[in-house]
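Written below as structure tokens is the structure these notes are about.
Chain A is the first sequence line, chain B the second, and so forth, proteins listed ahead of strands; every chain is numbered from 1. Values reported hereafter were calculated over all heavy atoms of this structure, with side chains retained and with hydrogens, waters and symmetry mates removed. Not measured: the values here are computed from a predicted model.
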Amino acid sequence: MTPLRLHDSLRRQKVPFEPLEPGKVGMYVCGPTPYAPAHIGHAYSAISFDTIRRSLRFLGYVVRYVRNITDVEDKIIRRANELGEDPMALAARFADAYNSDMAQFGVMPPDVEPKVSTHIAEIIDLTAKLVANGSAYAVDGDVYFQVDTFPPYGKLSGMSVDDLRAGASERELVEKAKKSPVDFALWKAAKPGEPAWDSPWGKGRPGWHIECSAMTVAHLGQSFDIHGGGKDLIFPHHENEIAQSQGAYGTETFARYWMHNGFLNFDGEKMSKSLGNVFGCDQIADAVGGEALRFFCVKHHYRSPIEFEVDEIRALDGTPTGVRFRSLEAADRDLEYFYVTLSKIDAFTAQGGDGGDGAVLPEAEKLVRATHEALADDFNSPKVMAAMHEAAQLGNKLIAEGKGIDKAVRRRTLARVARDLRAVGEALGVLANAPATYLRDRRDRLVRRKAIDVTKIDRLIADRAAARAAKDFTRGDEIRNELAAIGIELLDTPQGTDWRVHDDAS
RNA sequence: GGAGCCAUCGCCAAGUGGUAAGGCAGUGGUCUGCAAAACCACCAUCCCCGGUUCAAAUCCGGGUGGCUCCUCCA
């Protein structure tokens, strides 16, 4: 097992990773509050932690991965009331949609997917524990965590309780019932039109943060290895989780390492509905395919803010007619390179065998080793990409020319390159498709986007084949140019002429 | 107002003390009837100023520019 170092948000530096149990990792990631279709930001977060999970497996750890669904929450209730739908049903509907969206991006289902609605008893127990030991107090059916009973409060986010108190007072959002404006709700008294459960404090429902504290204990224990989530969750969500869990079980408990992923930026700005730059998962998958987004994500380091380029497409009169995801199209082209490479290697080894067992060219040994090193250094997936490019180049080179290389060694090396590319791809969640499937889907997508007439292409290719057979290269080139004008590139191979859609780079 | 992050080639993006990964685009070449694909070669001294050090993109101080959090937000 490769020794791992990872960046801990609490200590604000890379630290050696020492799991509670050698070889095993217990990991909790904050999942969605499903009240609307998932957007690209949700996907980025899910992909980031899925990549970390896959990387841990690649490095030899056995991972228990818990990702919750917060299905009882203000936004869900509000939306459900607007639609006249049962809140839990609405949450279940969007949770299902979320999971199928994420599957498109290669996100594996979590080992455990706990929901608030099925952990009410645990939440009440935890809340009662906090009340009993003086960390929390009940007022008129609400229960609040008393922040000043927990001195380490603010350590994760770097917030000072005094500043927070001042800020909260300024905003005049102080609910009179709270002893201090920084205290936060663990349990909320029932209001009309809201789901409610019986509790020692009357009918009510959980506050926002308490569910994660209750569910981590239930599924990973009072102390566990890694807690992850989006950067935005550091305050107040994760800060409050720490206060609740350690307030209940002691300061040496809860997450041993905190990991947070960076945000996606659009032209330097964060995504927000008011800027009109929130893109749905379905829109992305439809435009470039799910794997392109996945590839785009792992090309970047999970902690860095990512620049996501979107071009507006306008009609001649200036009316916006749609968008192009420039970064994703670039990622898709990159992916195409790997799939074309795999396809060539597969065809080569299928034809004359894989060379059997034995030595390979030393360059082919590098990929897996480099991947271990890169992933063990705080999951540096961009570094892995660099190694993958080197390996693919080696593969293409060996296919293009084999002179001076032992025939069996060449075949074995090629087989090894393809195998390792796929193994490394698995660690990043890419290259799992059959090359032919990916390449066909990609071409179909581009054909659709550009409204290309495929029968016309087939006809012209047949015409050109006839012309070339008759050595009429002038006519042949005319046809090539004609197709090029509508964005089709011809690929003459020994097996005949194939074609691809020219994907204008920018 | 308080807290924090970032600034690396035309674009994207690694690198956190030892002399700038990788990709896209570009240029030249190989291959090709011509092309495409593929391969080969070329292509940056790291926002500015000062400091520490034998040595800094990397550390410290000061600027400038950008972003985030403190309120729902992946």
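- Put simply, CG on A/N261 is 14 Å from P on B/C73, counting in whole angstrom units.
- Between the P atoms of B/C59 and B/G66, the separation comes to 23 Å (whole Å).
- No side-chain N or O of A/R440 forms a donor-acceptor pair with one of A/N433 less than 3.5 Å apart.
- For the segment residues 463-472 of chain A, residues with any heavy atom less than 4.0 angstrom from an atom of RNA chain B are, sorted by number, A/R464, A/R468.
- Residue A/F235 contributes atom CZ, which lies 14 Å from atom C1' of B/C72 at whole-angstrom precision.
- Of the candidate nucleotides B/C72, B/A74, B/C70, B/C70 has the atom lying nearest to any side-chain atom of A/L164.
- Counting only N and O atoms by type, the side chains of A/D142 and A/Y144 include a donor and acceptor under 3.5 Å apart.
- Here the separation of B/A38 from B/G51, taken at their P atoms, is 49 Å to the nearest Å.
- Remark: the backbone N or O of A/E241 is paired with a side-chain donor or acceptor of A/S213 at under 3.5 angstrom.
- The ring-ring contact (aromatic ring centres under 6.0 Å, His included) test applied to A/Y339 returns A/Y438, not counting sequence neighbours.
- Here A/F184 and A/H209 bring their ring centres to under 6.0 angstrom of each other.
- At the heavy-atom level, A/F473 lies under 4.0 Å from base atoms of the strands shown.
- With sequence neighbours excluded, the residues forming a ring-ring contact (aromatic ring centres under 6.0 Å, His included) with A/H300 are A/F296, listed by chain and number.
- Atom CZ of A/F295 is separated from atom C1' of B/C24 by 12 Å (rounded to the nearest Å).
- Going from the C1' atom of B/A14 to that of B/U68 covers 22 Å, rounded to whole Å.
- Both distances falling under 3.5 Å, in either a Watson-Crick or a G-U wobble arrangement, place B/C47 opposite B/G63.
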Using a cutoff of under 3.5 Å, can you pull out all pairs of nitrogen or oxygen atoms linking the protein to nucleotides 3-9 of chain B, with atom names and distances?
from	atom 1	to	atom 2	distance (Å)
B/A3	O2'	A/G158	O	3.3

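- Between A/H301 atom NE2 and B/G22 atom C1' the separation is 16 Å, expressed in whole Å.
- When the C1' atom is used for both B/A20 and B/U32, the distance is 37 Å, rounded to whole Å.
- Residue A/A386 places its side chain closer to B/G22 than to any other of B/C69, B/G22, B/C24.
- Judged by closest nucleotide on RNA chain B, A/D377 is the one of A/D377 and A/A387 placed further toward the 5' end.
- With B/G22, B/U16, B/C72 as the choices, the nucleotide that has an atom nearest any side-chain atom of A/K75 turns out to be B/C72.
- A donor-acceptor contact shorter than 3.5 Å is absent between the side chain of A/R326 and the backbone of A/F308.
- You won't find any donor-acceptor pair under 3.5 Å spanning the side chain of A/N380 and the base of B/G15, going by distance alone.
- In this model, no donor atom of one side chain and acceptor atom of the other lie less than 3.5 Å apart for A/T33 and A/E73.
- Of the P atoms belonging to B/U19 and B/A55, the separation is 15 Å, rounded to the nearest Å.
- Screening A/L483, A/L460, A/L490 for a side chain to side chain contact (heavy atoms under 4.5 Å, CB included) involving A/W499 leaves a single residue, A/L490.
- Where stacking is scored as ring centres under 5.5 Å apart with planes under 30°, A/Y44 does not register as stacked on the base of B/A74.
- With a cut-off of 3.5 Å on both pairing distances, the Watson-Crick or G-U wobble partner of B/U68 is B/A3.
- Using a 4.0 Å heavy-atom criterion, one finds that A/D477 contacts the bases of the nucleic acid, with or without backbone contacts as well.
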Under 4.0 Å protein heavy-atom contact, by nucleotide of nucleotides 36-45 of chain B - B base, S sugar-phosphate only: SSSSS-----
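- The partner of B/C54, taking Watson-Crick or G-U wobble pairs whose two distances both stay under 3.5 Å, is B/G18.
- B/C31 is unpaired under the criterion used here, namely a Watson-Crick or G-U wobble arrangement in which both key atom distances are under 3.5 Å.
- For the pair A/D232 CG and B/C67 C1', the computed distance is 15 Å after rounding to whole Å.
- Listed by chain and number, the residues in a ring-ring contact (aromatic ring centres under 6.0 Å, His included) with A/H389 are A/Y337, A/F338 (sequence neighbours excluded).
- The aromatic ring centres of A/F279 and A/F325 sit less than 6.0 Å apart.
- Rounded to a whole angstrom, the distance from the C1' atom of B/U30 to that of B/U45 is 32 Å.
- Ring to ring, A/Y35 and A/F94 are not that close: their centroids are 6.0 angstrom or more apart.
- Across the C1' atoms, B/G2 and B/U16 are found 28 Å apart, a figure rounded to whole Å.
- If you measure from atom NE2 of A/H7 to atom C1' of B/G15, you get 16 Å, rounded to the nearest angstrom.
- Side-chain contact annotation: A/E194 with A/N81, donor-acceptor N/O pair under 3.5 Å absent.
- Rounded to whole angstrom, the span from the CZ atom of A/R333 across to the C1' atom of B/C12 amounts to 11 Å.
- Comparing B/G15 with B/A21, their P atoms are spaced 14 Å from each other, to the whole Å.
- One atom, CZ of A/R78, and another, C1' of B/C72, lie 8 Å apart when rounded to the nearest Å.
- Aromatic ring centres of A/H238 and A/H260: separated by under 6.0 Å.
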